[in-house]
Amino acid sequence: MKVTLVMKPATKSFIPIEAESIVPKNFLAGTDLSVWRGNRELRLDEVFSISVEGDADRVEDVEVVLSGDTSRLKRVGEYMDGGKITILGGIGMHCGNFMSDGTIEVHGNADGWLGREMAGGTIICRGDAADYCASGYRGGRKGMTGGTVEVFGRAGDFLAESIAAGTVIVHGDAGDMAGAEMHGGTLVVHGNCSRPAANMKSGSCYVFGTAQGMLPTFRKVGTIQHEGRTLIQFTGDIANRGKGNLFVKDYKYLD
Amino acid sequence: MSELLVKNACVIDPLRGINAETMDIAIRDGRIVEEVSGAAEVIDARGMLTMPGGVDSHTHICGTKVNFGRYMSPEDMRAGRTPRRGPMHATSGYSVPTTYGNSYRYSVMGYTTLLEGAMAPLEARHTHEEFIYTPLQDTMANTLFDGNWAIMEAIRDGDTKRVAAIIAWTLRAVKGFGVKLTNPGGTEAWQWGKNVSCIRDPVPYFEVTPAEIIRSIVEANELLHLPHSVHLHCNNLGTPGNYTCTLGSFGLIPDLNPKRQTLYATHVQYHAYGGSGWKDFCSKSEPIANFVNMRPQIVIDMGQVMFGRTTTMTADGPMEFNLYRLHHDKWSNHDVELETGSGIIPVVYRRKNLVNSIMWAIGLELALLTKSPWQCLLTTDNPNGAPFVKYPEIIALLMSKRYRDAEFATVHPDTGSRVPLPAIERELDWYEIAVMTRAGQAKALGIQEIGKGHLGPGAYADVAVYPIRIDDVDPSVDYQKVIEAFGQTEYTIKRGRVVARRGECVVDGSNATFWVKPRVSEAYDMGKDPDFIEKFDRYYTVRMRNYPVQEEYLNRNRCIETEAEI
């Protein structure tokens, strides 16, 4: 089953829409769903032109395609547990919160909190991801606990904060505090980032570019070969018992 | 004129000595009266247990540290969410719920009066603003004086009258109700990276000891004739062997007031530990309870720990740092300039943990070994020992030996050798529970004279009707029924209006905040004292004229004026 949702042009397009109902599972029972714009509840067909092709019994067979100006659409794919969501443009904040299975593919840029506290499944972002991509929530203990997030553009600050398991790969640069409070899982940044893996307890963090503002609390171990690259290995943050591993291509301490 | 008549109620009203008499309660315009006209609205209580509205004399529900507890724990805010329903706002949170969450859940349990246990004077506005959004309970705030620079200087100079004058000015400025000492001297020492180990350790720079602070402030409190006594959180909370320090602090207290206690010692469970370390940690509830039994000038509250998830928050900054070093989890620390500090960490109390099991037993032992229920009140130091929604379970534990034994069988197997709980046969009765949850608390706070905690004519019409007939239920056997009944009232009546009915809050409510204004002579008005003003302007980051909380921060307030001796 393929559900295509085309965003209708709205007069006040800057008001965010809370669309946690856009999850493949919900479309098994039809398209009689609602979303919220500000404090007003709207039927799905008031916001989108909907077309449905075929039908499905299992969530795995459902694909939702979103197009139009979806950059203010929040919480798409929250608690998603299977199926596929394809977003042809950009997507608003909190896309794929808590998802446990399935695939989300974003062809444009993703706003903050992409894949926050996700537990499984796959998120692919072909553009840039904003701050707090694949991170935990403020004050929370655990961030991502499984699954994969792959960003082909850049990522913002606090990438994969508090990651506990799973894999995050960013092909461009990442911002400040990538992998802060990491206690498991794997973070790979192909470009540069600053202050990676602060206070890490466990897990592995790879920076294939330059680690700017490298924290002084990581102890250098030596160099290793990793997938054809020569990387410098550090222990985890010794301010927090020195567990885990940080690998960087190059690094620069703060002046 | 609105009138209400609660008929055929089985009333327990300890402040008037009424024990399970079937009677009618007449209410007019928010007050209890002798009788009402035939036009009054009638509620048939059909013999159900009816008591004055509950009073919690030590809880943390409003203020900056409570709010920090909220935003450092998103996982706690996700627990206990309820949607908007009728006049009820949406709520969230379990151990530190939103203000509406606190208010609704307390109201459903029949509570109508709450005392916020610790308000930093500098941050009083925040507390009062949250009080406004705690609509179904009347509120009061204990004000922190444990590390107040001006007071410690006055104590060093041996000038108790000046101590009283500073307390009077501050209470009036921040609209506080009582005097709270949290680890006196210790939080100030913490600003130097230190702590005090007990009452004889001097505070850095000021060179006064906690013992001097306690003695002097207790005397000052009585000079001001405040309704409540000094409210003390002893030094050395939560460390093995601290019971000697607690006994030492209690021993400092003379009997100065014929109407009420001279010292209210809070969450004493955390201060009744024996042993020299965690390895031989044990209960010392017996010496503490015996000491309290011999001294009518002391009232304690339990600070009961219940198993499960909660958040600890206190002005005792150094203690929270020690807890952080045990748990290595989230921790918040906060300094309030010239006054006090605070610390917050989330915790989980587990049955499998020996220390937690012993703590659970100590709270119950204190309540059972203290002979007079007027001297040991029921609290969990919400949310430090457990969220207040656990009160019904605690009531059932106190009323049923059988329930205690059943629970005891599930805790750590070594607990039996460390605590006297299994040997205690006492089961509290309904009257004693009524004392521990409302009458005793109102008396200890000194608010029975303004009409709280009893159902005599003239009193505030705060009434809780519980769906249980005490003649039909044997609490020692049917403890499950006790838990259900105290968990949800049939009617909660606040100031003459039904505010909660079978778990639903039915009105938006409007609370009142009680605060105290001691009247002192011109010579002791600190607002005109040149030395006080000069130091205030030199050391505080706020101007003295901007410091007092304006009355518009108090929605509806009742000022209690006292005549001070200075």
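Letters A, B, ... are given to chains in the order of the sequence lines, protein chains preceding strands, and every chain is numbered from 1. Small disclaimer: the values here were computed from a predicted structure and weren't measured.
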Next on the checklist: Please classify the contact between B:Arg78 and chain A as side chain, backbone, both or neither, with a heavy-atom cut-off of under 4.5 Å.
Outcome noted: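 Side chain only.
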Next on the checklist: If I measure from the heavy atoms of chain A, does B:Asp76 come under 4.5 Å with its side chain, its backbone, both, or neither?
Outcome noted: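 Neither the backbone nor the side chain of B:Asp76 comes within 4.5 Å of chain A.
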Going by the angle between their ring planes, with limits at 30° and 60°, are [X] and [Y] parallel, tilted or perpendicular?
{"X": "A:Phe98", "Y": "A:Tyr79", "result": "parallel"}
{"X": "A:Trp113", "Y": "A:Tyr137", "result": "tilted"}
{"X": "B:His60", "Y": "B:His58", "result": "perpendicular"}
{"X": "B:Tyr100", "Y": "B:Tyr133", "result": "perpendicular"}

Checklist entry - Given that the side chain runs from C-beta out, which part of A:Glu117 has a heavy atom under 4.5 Å from chain B: side chain, backbone, both or neither? => result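 Just its side chain gets close to chain B.
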